[in-house]
K.L.:
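Please read through the structure below; I'll follow up with questions.
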Amino acid sequence: MPAPLKLIDTTPQLPETADAVVIGGGIVGVFAAYYLARRGLKVALVEKGRIGAEQSSRNWGWCRQQNRDARELPMATKSLDLWERFAAESGEDTGFRRCGLFYLSNSEEELAGWARWRDFALTVGVTTHMLDSAEATERGRATGKPWKGGVFSPTDGTADPASAAPAVARAILKIGGTVHQSCAARGIETEGGRLSGVVTEHGTIRTKTAVLAGGAWASSFCRQFGIRFPQASVRSSILAVSPGAIGLPDALHTAAVSVTRRRDGGYTLAISGRGRVDPTPQQLRFAPQFLPMFARRWRSLAPGGLEGFRSGHESLTHWSLDAPTPMERMRILDPAVDKDTIRLTHSRALDLLPDLKNTSITAAWAGYIDSTPDGVPGIGEIAAVPGFILAAGFSGHGFGIGPGAGHLVADIVTGHEPIVDPRPYHPDRFRKSAWGQVADF
Ligand SMILES: Cc1cc2nc3c(=O)[nH]c(=O)nc-3n(C[C@H](O)[C@H](O)[C@H](O)COP(=O)(O)OP(=O)(O)OC[C@H]3O[C@@H](n4cnc5c(N)ncnc54)[C@H](O)[C@@H]3O)c2cc1C
């Protein structure tokens, strides 16, 4: 069974003009469109498949500040507030709760790293609690094992991946924006060097602003008009189990396996950082830039197979604007599940939390996590094409920081005071090497 997803309706008629067109209906695109529409702009959101159907419904649902890289922490903090505010101001339910995130470890090295992060977080006003052995073992009693220590981050939380992006899309519709599913953007048009339109499979929308929130497809889209955006995807496989386990923490991370309570009372099980690298032409092209990232992460990554070629999101082809593109051939990126990882994850989870033996597997799926060379997203206007704003490469953190990223995009478009310092995110930095810059997470 695939990742669960709530479906929403589509606006039937594509507008001829818009103040802004947002390309991609993942969590980043929907929040960008939502904040633009709230400022009174006429916004059209185009999504090649279904709202939320790619990474944004396939994740664990963690919205965390804990262990965030210094460059992303301000956006993570603001996002937690925005998740809460969104529910109050829109009346829509994303399932967000500040349930706190809980980490357990028996590794002195890992605990020392968390303590260092706690000290840094205190300097920017973020509170997290280091737990000694007795506290960690007590809080982690569902494991039935002793622990050397842990962390509890009380202000962090989770939202529901199955309903979050659709809920935001419904809010866009309520405030006058339009949402067009099964509508791929094939490219852009320019006039006098400035963006002047977005060409979709159903017609062209005249606009001065386009936001590309295309997730794993962003680099190949940019390449069509000469913009170099280094991006690579890692295939991550996870599973869900039915309700039935009692007394488990809402969200627990250990090095072996992580467990997150789902809205239906079941749990999502996953191994943090584990993934397969499926070679693609784009990966070979950007390989030198990703060396620092892979050098850091190689232990948890394994070589994949031909999935990347089959999916087509990282091809180097140039397509024509008047014929179907790879995005129309692959409406929803749904890569093959790595069955070995699913088996290992499940057996580790049963070992960690014996009560999970009272549940059964309800679904297993994979998602391509789109990364940048330094693990920080690329958000900003592309100087070569005024009016074209990139918001992609969320490197495994985009769900939690989706509201902040969408807000920042709206700030950039409308010239408002940015919600966070935009400089660490600007795509210009990809011209330089990422050695020494890879995010800690
Ligand atoms: C297994 C897994 C676990 C994760 N766990 C977490 C977590 O716990 N917390 C966290 O913060 N993050 C997590 N992430 C990462 C998070 O899911 C992503 O960073 C985030 O969802 C990215 O959102 P997005 O909107 O940029 O991309 P996506 O959700 O991938 O959306 C991009 C959308 O753009 C559409 N699109 C692309 N090109 C076009 C086009 N030309 N025209 C029209 N539409 C187009 C696609 O169809 C897609 O729907 C996880 C990811 C995975 C896969």
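Whatever order the structure lists them in is the order used to number ligands and atoms, beginning at 1.
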K.L.:
Between Asn59 and ligand 1, does any nitrogen or oxygen pair lie at a separation below 3.5 Å?
P.N.:
yes

K.L.:
Considering the heavy atoms of Ala184, write down every atom of ligand 1 situated less than 4.0 Å from one of them.
P.N.:
42 (N), 43 (C)

K.L.:
For the residue pair His407 and Tyr35, is the inter-centroid distance of their aromatic rings smaller than 6.0 Å?
P.N.:
yes

K.L.:
If you measure every N/O of Ser236 against every N/O of ligand 1, is any gap under 3.5 Å?
P.N.:
no

K.L.:
For ligand 1, which part of Ile23 has a heavy atom less than 4.0 Å away: the side chain, the backbone, both, or neither?
P.N.:
side chain

K.L.:
Give the residue and atom name of whichever protein heavy atom lies nearest to atom 31 (O) of ligand 1, and the separation in Å to one decimal.
P.N.:
Gly26 CA, 3.3 Å

K.L.:
Please work out whether any backbone atom (N, CA, C, O) or any side-chain heavy atom from C-beta onward of Gln55 is under 4.0 Å from ligand 1, and answer side chain, backbone, both or neither.
P.N.:
both

K.L.:
Please indicate whether any nitrogen or oxygen in Phe399 is less than 3.5 Å from any nitrogen or oxygen in ligand 1.
P.N.:
yes

K.L.:
Under 4.0 Å from ligand 1, counting heavy atoms only, is it the side chain of Val28, its backbone, both or neither?
P.N.:
both

K.L.:
Only one of Trp62, Trp60, Trp83 passes ring-ring contact (aromatic ring centres under 6.0 Å, His included) with Phe399; say which it is.
P.N.:
Trp83

K.L.:
Judging by distance only, is a nitrogen or oxygen of Gly400 under 3.5 angstrom from one on ligand 1?
P.N.:
yes

K.L.:
Can you list the ligand 1 atoms lying under 4.0 Å from a non-hydrogen atom of Val46?
P.N.:
43 (C), 44 (N)

K.L.:
For Asp370 and ligand 1, does the shortest N/O to N/O distance drop below 3.5 Å?
P.N.:
no

K.L.:
Determine whether the side chain, the backbone, both or neither of Trp62 has a heavy atom under 4.0 Å from any heavy atom of ligand 1.
P.N.:
both

K.L.:
Among protein heavy atoms, which sits nearest to atom 21 (O) of ligand 1, and what does the distance come to when rounded to 0.1 Å?
P.N.:
Ser56 OG, 2.9 Å

K.L.:
Which protein non-hydrogen atom lies closest to atom 53 (C) of ligand 1, naming both residue and atom, and how far is it?
P.N.:
Ile369 CG1, 3.4 Å

K.L.:
May I ask you to list the atoms of ligand 1 that are less than 4.0 angstrom from any heavy atom of Ile27?
P.N.:
23 (O), 25 (O)

K.L.:
For ligand 1, indicate whether the residue Tyr368 contacts it via side chain, backbone, both or neither (heavy-atom separation under 4.0 Å).
P.N.:
neither

K.L.:
Provide, to 0.1 Å, the distance between atom 38 (N) of ligand 1 and the closest protein heavy atom, together with that atom's residue and name.
P.N.:
Trp217 CB, 3.6 Å

K.L.:
Of all the non-hydrogen atoms in the protein, which one sits nearest to atom 12 (N) of ligand 1, and at what distance?
P.N.:
Gly396 O, 3.1 Å

K.L.:
Counting heavy atoms only, which part of Ser395 comes closer than 4.0 Å to ligand 1: side chain, backbone, both or neither?
P.N.:
neither

K.L.:
First locate atom CZ of Arg58, then atom CD1 of Ile332, and finally report the distance between them rounded to the nearest 0.5 Å.
P.N.:
7.5 Å

K.L.:
Which bit of Cys183 is near ligand 1, meaning a heavy atom under 4.0 Å away: side chain, backbone, both or neither?
P.N.:
backbone

K.L.:
Among Gln65, Arg98, Arg64, find the residue that satisfies the side-chain hydrogen bond (donor to acceptor under 3.5 Å, both in side chains) test when tested with Thr155.
P.N.:
Gln65

K.L.:
Considering non-hydrogen atoms of the protein only, which is the closest contact for atom 46 (C) of ligand 1, and what is the distance?
P.N.:
Glu54 OE1, 3.4 Å

K.L.:
In the protein, which heavy atom is nearest to atom 49 (O) of ligand 1, and how far is it?
P.N.:
Glu47 OE1, 2.7 Å

K.L.:
So is Phe221 polar-close to ligand 1, meaning N/O to N/O under 3.5 Å?
P.N.:
no

K.L.:
Which ligand 1 atoms, with their elements, are less than 4.0 angstrom from a heavy-atom of Phe394?
P.N.:
19 (O), 26 (O)

K.L.:
Considering only non-hydrogen protein atoms, determine which one is nearest to atom 37 (C) of ligand 1 and report residue, atom name and distance to 0.1 Å.
P.N.:
Gly214 O, 3.3 Å

K.L.:
For ligand 1, which atoms, with element, lie under 4.0 Å from some heavy atom of Gly61?
P.N.:
8 (O)

K.L.:
According to the interplanar angle, ranging from 0 to 90°, do the rings of Phe225 and Phe221 count as parallel (below 30°), tilted (30 to 60°) or perpendicular (above 60°)?
P.N.:
perpendicular

K.L.:
What do you reckon, does Gly398 have a nitrogen or oxygen under 3.5 Å from a nitrogen or oxygen of ligand 1?
P.N.:
yes

